[in-house]
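Encoded as structure tokens, the structure appears first; notes follow it.
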Amino acid sequence: MEINIKKRNGSFEPLCVEKTKKMVAFACEGLEGCDPIELELDSNIQFIDGMSTKEIQKVLVQTAIEKVIQNKEDGYGNAIKSTNVNWQYVAARLFAFDLYKEAGITRNYKFFGYGNFYELVVKLSEMKLYGDYLLENYSKEDIMELSSYIKPERDYLFNYEGIKLLADRYLIKGYNKEVYELPQERFMAIAMHLAIPEGENKLEYAKQFYDLLSSLQMTVATPTLANAGTSFYQLSSCFISSVGDNLWSIYDVNQKFSQVSKHGGALGIYVGKVRALNSEIRGYKNASGGVIPWIRLYNDTAVAVDQLGRRKGGATVTLDIWHADLYEFLELRTNNGDDRRKAHDIFPAVSIPDLFMERLEERGTWSLFDPFMVEKHMGYRLEDCYDEVDDKEFTRRYLECEANENLQRVTVPALDIMKKIMKSAVETGTPFIFFRDTVNRANPNKNSGMIYASNLCHEIAQNMSESEMMEEKVVTEDGDTVVITKVKAGDMVTCNLNSINLGKINKEDLAKNVPLQIRMLDNVITLNQMPVMEARTTADKYRSIGLGTSGYHHYLANHNIQWESEEHLKEADELFEEIAYQAIKASMEIAKEKGSYPLFKGSEWDTGEYFTRRGYTSDRWKQLQKDVHEYGLRNGYILAVAPTGSTSNIANTSAGIDPIFKKFFIEEKKGSFIPKTAPDLNDQNFWFYKEAHTIDQQYSIKACGIRQRHIDQAQSFNLYITPEVRAKEILDLYVQSFKNGVKTIYYVRNQTLEMDECTSCSS
């Protein structure tokens with residue numbers, strides 16, 4: 001009986017086993033330990049009349065991926081796990097071949113591989129899936145030149161998880177999920193978009209940007225990866241907003257949150273100015289409901305504005321550790337207590353000053369105040385000051401508050417508060433920690449404002465302030481009644497993120513890689529379609545960016561450096577100093593060309609204090625300090641290390657600055673089982689990949705503190721604990737983080753818990 005196979009276009013043809021053999025051989029070509037005959041035999045395909053080519057491909061892909069980790073026996077009959085990461089690349093190639101065939105059908109070309117990129121740009125522009133600005137800024141000849149520059153063979157750099165994630169989430173598809181865009185075309189569309197501000201040099205920069213992206217030497221943030229080149233180009237990951245102590249401000253931030261969430265961003269919200277439970281309202285005693293009802297409002301917005309049904313919105317809410325509502329705040333995500341006072345979809349963060357950590361160490365007491373009553377009795381707000389090295393303003397004012405007998409407070413042991421924080425961290429992974437004095441002392445723009453909180457992933461540290469409603473009036477225009485609201489804009493922070501893939505480069509590559517990434521990020525600010533006007537004005541004032549890294553553990557393993565070693569700490573210092581130097585120098589060079597950010601004058605970049613604080617005394621640093629003073633900086637904030645969860649998977653490297661979770665494991669997704677390994681796992685690097693929960697966290701803390709010296713913002717820094725760890729040891733992790741100059745702590749990752757990831761901040 002003749003077996004007919006259903007092709008992708010719906011037609012049937014007789015089974016030709018040689019076609020399958022040829023495709024499998026092509027997928028295995030050049031990959032050590034990957035025998036095409038072995039794959040054919042192990043797939044054990046039962047050809048059935050009417051079977052589709054897509055079904056055949058799916059079986060081959062699944063077989064290849066299952067061969068990454070296999071159970072075998074050693075010479076003594078013991079069961080062992082054997083790994084060959086190259087099978088991930090076989091599976092990735094087979095998956096890519098599937099994409100090529102689907103794209104050929106959708107775009108109506110007959111050959112295998114990539115079609116005409118110019119025709120794709122025209123087609124997707126007509127469908128409003130690409131922005132018109134691509135055809136407006138690039139001629140047909142320009143796009144044809146860039147089309148010929150595309151390197152389809154770079155699809156072979158992806159492992160299976162990477163190319164599948166890119167295809168599922170980020171490649172531009174038709175309204176019925178038809179495949180249009182292929183991986184290298186996505187990279188070229190991003191490069192073209194981000195090169196537009198370069199004017200007559202845009203073609204050359206588009207090629208250079210494309211090379212970085214397509215060689216996986218860098219990753220862009222999730223919104224940039226998804227939206228660059230499209231008709232709606234919101235390119236920022238996160239936003240941070242501050243809430244004033246009034247109803248208008250509370251709902252103003254909620255409206256901003258809804259717009260941010262609608263367009264794929266997450267929001268950091270600072271609520272420390274809002275009066276506490278039972279505070280006064282217009283002189284009426286015990287009238288305030290405190291911060292919890294408003295946090296629940298933001299929680300409901302996160303759930304309701306769910307980003308086209310893809311995922312719920314994300315928000316972190318920060319409260320100061322001296323706020324009277326602290327205890328209830330720390331119970332937000334726990335399962336005990338009154339559920340009407342919970343906010344299970346919000347990620348709480350606590351802002352901690354030096355003084356609290358000092359009281360904690362000496363086992364002293366700590367007082368909780370209502371910020372409204374502090375202002376009423378003292379004439380100032382505690383949250384608006386911090387401790388400098390030579391002027392401990394916060395400590396002085398806090399002690400004044402404690403000394404005022406007329407000022408109501410709750411006084412408790414500092415250790416009691418820390419126990420509450422640790423209990424919540426062990427159970428929920430949160431609250432995140434924000435060491436406010438450490439952050440503000442290092443702020444290069446303290447002359448222009450203050451930093452109250454961070455974003456959802458806790459790597460951003462930039463000046464912020466609430467907006468204020470000044471006036472509302474009714475006017476008549478052309479017979480229509482118009483309500484005009486006049487608002488004094490605050491500083492609403494935007495997170496514009498890229499990451500250097502350290503797993504794919506060496507220190508020598510940074511001098512070329514970093515300047516291009518700084519230029520790309522600066523262009524993101526120029527091009528970005530902001531969902532909120534205050535975010536636009538703040539971005540224009542500071543032109544803040546956040547260049548970070550992924551592949552940190554991958555880099556250490558590539559260089560045979562153990563995580564728990566002095567060599568690691570030395571390498572961290574040298575590596576991140578080089579990144580800092582190249583990044584600051586690049587921003588200075590762009591300032592020469594395009595001008596400084598408007599608030600540069602009087603900043604610590606300008607005065608040189610930024611450099612002297614960090615002990616940069618070598619000749620090249622002294623010259624850079626002089627050049628920055630003379631020519632300025634393009635960007636007010638430059639470095640921030642994001643978690644890079646999903647984008648590091650695309651780039652086939654380890655996430656952010658984290659150690660790997662496991663050397664190899666089986667991940668279940670939607671009923672399928674996908675074996676995963678540490679990046680490029682082999683016999684040479686096997687013992688340099690120590691798993692996160694087995695690592696002495698003190699080495700991670702020391703390394704974080706060392707890196708922090710070179711990073712003007714912060715790092716998404718996780719602590720890893722096991723169920724066996726004692727409370728005293730957890731406490732010491734917090735204390736040592738503070739002492740080592742760590743600015744923020746993201747999750748406490750308990751081995752028994754799974755944490756939600758922020759895909760907005762992945763870069």
Side-chain angles (χ1 to χ4, degrees), residues 223 234 236-279 281 287-319 323 325-350 424 427-432 452-458 464 466-467 469 490 492-493 495 531-532 534-535 755-761:
Q234 196 295 102
S236 298
S237 301
C238 271
F239 299 77
I240 315 174
S241 197
S242 183
V243 182
D245 187 28
N246 60 81
L247 203 58
W248 179 87
S249 183
I250 289 165
Y251 279 93
D252 175 58
V253 169
N254 194 48
Q255 166 63 14
K256 290 172 182 173
F257 181 23
S258 67
Q259 292 302 314
V260 165
S261 188
K262 171 185 175 182
H263 295 122
L267 189 66
I269 304 171
Y270 173 67
V271 296
K273 291 182 176 293
V274 177
R275 66 193 69 192
L277 178 66
N278 295 325
S279 184
I281 298 180
S288 172
V291 299
I292 301 301
W294 308 124
I295 295 172
R296 282 176 57 82
L297 174 71
Y298 301 138
N299 186 97
D300 292 344
T301 299
V303 174
V305 187
D306 65 356
Q307 304 175 8
L308 293 177
R310 289 178 296 181
R311 62 185 179 88
K312 64 190 177 189
T316 183
V317 174
T318 300
L319 190 70
H323 196 288
D325 288 352
L326 177 72
Y327 273 72
E328 198 170 13
F329 179 76
L330 293 175
E331 298 285 340
L332 276 176
R333 287 175 66 91
T334 60
N335 294 318
N336 56 303
D338 185 354
D339 206 54
R340 292 171 298 179
R341 307 286 290 181
K342 301 293 181 183
H344 296 289
D345 302 287
I346 288 291
F347 297 87
V350 178
S424 178
E427 292 179 5
T428 71
T430 64
F432 307 145
Y452 294 89
S454 190
N455 64 319
L456 181 51
C457 297
H458 269 63
M464 54 189 292
E466 73 267 27
S467 298
M469 208 266 278
M492 185 177 183
V493 174
C495 316
V532 178
E534 284 95 330
M755 307 301 177
D756 293 330
E757 294 291 351
C758 170
T759 57
S760 284
C761 295

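Hydrogens, waters and symmetry mates play no part in the numbers below; they use all other heavy atoms, side chains included. Given the structure is predicted, the values throughout are model-derived calculations rather than measurements.
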Salt-bridge test for Arg341 and Glu328: reply yes if a basic N is under 4.0 Å from a carboxylate O, no otherwise.
-> yes
ring-ring contact (aromatic ring centres under 6.0 Å, His included) involving Phe432 - partner list, sequence neighbours excluded | His458, Tyr746, Tyr747
Indicate yes or no: at least one non-hydrogen side-chain atom of Trp294 is less than 4.5 angstrom from one of Ile269.
-> no
Does any non-hydrogen side-chain atom of Tyr270 lie less than 4.5 Å from one of Val317?
-> no
Please report the closest heavy-atom contact between Val305 and Ser261, naming both atoms and the distance.
-> O-OG, 2.8 Å
Val274 versus Gly244, closest heavy-atom pair with distance = CG2-O, 3.9 Å
Validation row: Leu267, Met492 side chains within 4.5 angstrom (heavy atoms) = yes
Distance-only, no hydrogens or angles: does the Ser288 side chain make a donor-acceptor pair with backbone N or O of Gly290 under 3.5 Å?
-> yes
Which heavy-atom pair separates Ser424 from Leu330 by the least distance, and what is that distance?
-> OG-O, 3.7 Å
Quick check: does any side chain N or O of Glu466 sit under 3.5 Å from a backbone N or O of Ser242, one acting as donor and the other as acceptor?
-> no
Got Phe329 and Val350 here, is their nearest side-chain heavy-atom distance under 4.5 Å?
-> yes
Does any non-hydrogen side-chain atom of Pro531 lie less than 4.5 Å from one of Phe239?
-> yes
Exam field: side chain Thr316 to backbone Asn455, donor-acceptor pair closer than 3.5 Å = no
Between Asp345 and Asn299, is there a donor-acceptor pair closer than 3.5 Å when you use the side chain of the first and the backbone of the second?
-> no
Please report the closest heavy-atom contact between His323 and Gly272, naming both atoms and the distance.
-> CD2-O, 3.6 Å
Have Lys342 and Thr334 got a donor and an acceptor in their side chains that come within less than 3.5 Å?
-> yes
Closest contact, heavy atoms only, Tyr298 versus Ile346 | C-CD1, 4.1 Å
Any ion pair linking Asp300 and Arg296 (charged N to carboxylate O, less than 4.0 Å)?
-> no
Report yes or no: does Arg333 contribute a side-chain atom to a donor-acceptor pair with the main-chain N or O of His344 at less than 3.5 Å?
-> yes
Do the side chains of Ser236 and Cys495 get nearer than 4.5 Å, heavy atoms only?
-> no
In plain terms, say whether Arg275 and Asp245 are close enough for a salt bridge, that is, a side-chain N and a carboxylate O under 4.0 Å apart.
-> yes
May I ask you to decide if Gln255's main-chain N or O and Ser258's side chain share a donor-acceptor pair within less than 3.5 Å?
-> yes
Pair Glu534, Ser467: side-chain N/O donor-acceptor within cut-off below 3.5 Å = yes
Nearest non-hydrogen partners of Leu332 and Ile295, listed with the distance | CD1-CG2, 3.9 Å
